[in-house]
Number of protein chains: 2
Amino acid sequence: MSDTDTAAWAALLRVHAALVPRIDRELQRRCGLPLTWYDVLLELNSAPGRRLSMGELGEVAVVSRTRASRVVDQLVAAGFVSRSSNPEDKRSAYAVITDEGRKVLRAAAPVYLAAIERFYTSHMSAAESRTVAAALEKVLAAGPHT
Amino acid sequence: MSDTDTAAWAALLRVHAALVPRIDRELQRRCGLPLTWYDVLLELNSAPGRRLSMGELGEVAVVSRTRASRVVDQLVAAGFVSRSSNPEDKRSAYAVITDEGRKVLRAAAPVYLAAIERFYTSHMSAAESRTVAAALEKVLAAGPHT
DNA sequence: AGTAACAATGTGCGTGCGCACGCACTTTCC
DNA sequence: GGAAAGTGCGTGCGCACGCACATTGTTACT
């Protein structure tokens with residue numbers, strides 16, 4: 001357990017704490033879109049058929065399944081998502097992104113990406129960015145166990 | 001704005017979402033100590049005089065100043081911290097770690113470090129760990145501006 | 001077929017969290 | 001010296017979040 005290991009963890013906590021509110025504000029101010037909404041819309045948009053069940057959404061998105069269900073409620077109220085039941089399993093409920101939702105997502109994307117670059121990746125080299133991505137993805141790949 | 005940049009950001013969000021609850025649970029189960037308490041105690045313990053004003057605590061710790069004030073309330077109730085007023089500025093209130101608090105912190109430290117290694121750094125190489133720490137610290141050093 | 005285990009949701013509830021505000025005190029400026 | 005602006009703190013409030021549970025539907029087993 002080296003010292004840089006704890007430094008790597010502490011830095012991750014601090015960067016998260018500092019940047020998430022900043023980027024969320026930026027997105028909300030310029031697009032009226034909370035970060036959570038963006039995340040959910042992005043996952044729905046890139047999913048096969050542009051739809052996902054609540055369970056799938058909870059797994060793939062950053063939010064929990066429970067939270068995803070409520071965020072979808074809000075997105076439905078805003079007209080960005082519609083619920084549609086799965087004829088093959090009536091327990092499950094699909095969330096489908098609407099055209100309006102895709103429109104808003106396309107409008108927000110450049111703002112989001114610019115914020116990421118401005119607050120985050122512009123402060124590191126391309127090589128560092130690659131290493132960070134690779135290392136963190138390995139952590140994720142390890143899964144809940146171990 | 002390359003693709004690995006967004007990957008580095010997305011991975012950070014996911015790692016945070018996955019690991020923080022896990023480590024918090026571990027710490028709470030084995031030491032009865034929430035992660036927030038640990039963070040605050042750690043900062044207090046390594047501060048000059050083992051004490052910090054609320055404003056300083058809010059800046060140095062991961063939590064906000066407001067939150068820090070409430071966490072200190074809990075820590076006082078638990079006997080790990082005591083409040084002490086600053087004679088030179090009667091507005092401010094110092095939080096001082098008690099001997100009991102230091103004891104609990106020393107007991108929790110190995111558990112915390114082991115959890116970080118187990119869930120986080122054991123999945124990357126030492127070189128990656130160094131790069132991650134260095135890159136994220138540069139992001140932090142950039143500060144709230146820009 | 002019938003029933004018992006299992007799975008996918010949605011929701012009540014408690015907790016964590018930060019913002020906006022007011023109070024007490026300090027500093028600055030006249 | 002006195003008023004006005006500024007600073008540090010604690011707290012009321014509302015939102016975000018996840019857990020535990022109830023509900024509804026599915027599957028497996030006899």
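The model shown is predicted, which means the values in this text are computed figures rather than measured ones. Proteins come first, then strands; the chains are lettered A, B, ... in the order of their sequence lines, and each starts at number 1.
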Asker: DNA chain D: A:Ser64 or A:Asn86, which has the more 5' nearest nucleotide?
Answerer: A:Ser64
Asker: Output every pair passing salt bridge (charged side-chain N to carboxylate O under 4.0 Å, His left out) with a member in residues 127-137 of chain A, not counting sequence neighbours, ordered by first then second residue.
Answerer: A:Glu128-B:Lys138
Asker: Fit a plane to each ring of A:Phe80 and A:Trp37, take the angle between them on a 0 to 90° scale, and name the class: parallel (under 30°), tilted (30 to 60°) or perpendicular (over 60°).
Answerer: perpendicular
Asker: I need the full list of salt bridge (charged side-chain N to carboxylate O under 4.0 Å, His left out) pairs touching residues 57-70 of chain A, with sequence neighbours left out, sorted by first then second residue.
Answerer: none
Asker: Tell me the interatomic distance from B:Gln28, atom CD, to D:dC19, atom C1', rounded to whole angstroms.
Answerer: 14 Å
Asker: Between A:Ala68 and B:Asp89, which has a closest nucleotide on DNA chain D that is more 5'?
Answerer: B:Asp89
Asker: Roughly, in whole Å, what's the span from CG in A:Leu57 to P in C:dA8?
Answerer: 14 Å
Asker: Using atom CG of B:Leu35 as one end and atom C1' of C:dG16 as the other, report the distance to the nearest whole Å.
Answerer: 13 Å
Asker: Mind calculating the distance between CZ (A:Arg67) and C1' (C:dA8) to the nearest angstrom?
Answerer: 19 Å
Asker: I need the full list of salt bridge (charged side-chain N to carboxylate O under 4.0 Å, His left out) pairs touching residues 85-99 of chain A, with sequence neighbours left out, sorted by first then second residue.
Answerer: A:Asp89-A:Arg91
Asker: Listing request: all salt bridge (charged side-chain N to carboxylate O under 4.0 Å, His left out) pairs with a residue in residues 73-87 of chain B, at least two apart in sequence or in separate chains.
Answerer: B:Asp73-B:Arg83
Asker: How many whole angstroms separate atom CZ of A:Arg51 from atom P of C:dA8?
Answerer: 16 Å
Asker: Send over the distance from B:Arg25 CZ to D:dC17 C1', rounded to a whole Å.
Answerer: 12 Å
Asker: In a table with atom names and distances, give each donor-acceptor pair under 3.5 Å that connects a side chain of residues 45-57 of chain A to protein atoms at least two apart or in another chain.
Answerer:
| residue | atom | partner | partner atom | Å |
| --- | --- | --- | --- | --- |
| A:Asn45 | OD1 | A:Arg50 | NH1 | 3.3 |
| A:Asn45 | OD1 | A:Arg102 | NE | 3.0 |
| A:Ser46 | OG | A:Leu42 | O | 3.1 |
| A:Ser46 | OG | A:Glu43 | O | 3.4 |
| A:Arg50 | NH1 | A:Asn45 | O | 2.8 |
| A:Ser53 | OG | A:Glu56 | N | 3.3 |
| A:Ser53 | OG | A:Glu56 | OE1 | 3.3 |
| A:Glu56 | OE1 | A:Ser53 | N | 2.8 |

Asker: Going 5' to 3' through nucleotides 9-15 of chain C, assign each nucleotide B (protein heavy atom under 4.0 Å from a base atom), S (under 4.0 Å only from sugar-phosphate atoms) or - (no protein heavy atom that close).
Answerer: BBBBB--
Asker: Between C:dC17 atom C1' and B:Asp39 atom CG, what is the distance in whole Å?
Answerer: 14 Å
Asker: Please give, in whole Å, the distance from C:dA24 P to B:Glu88 CD?
Answerer: 23 Å
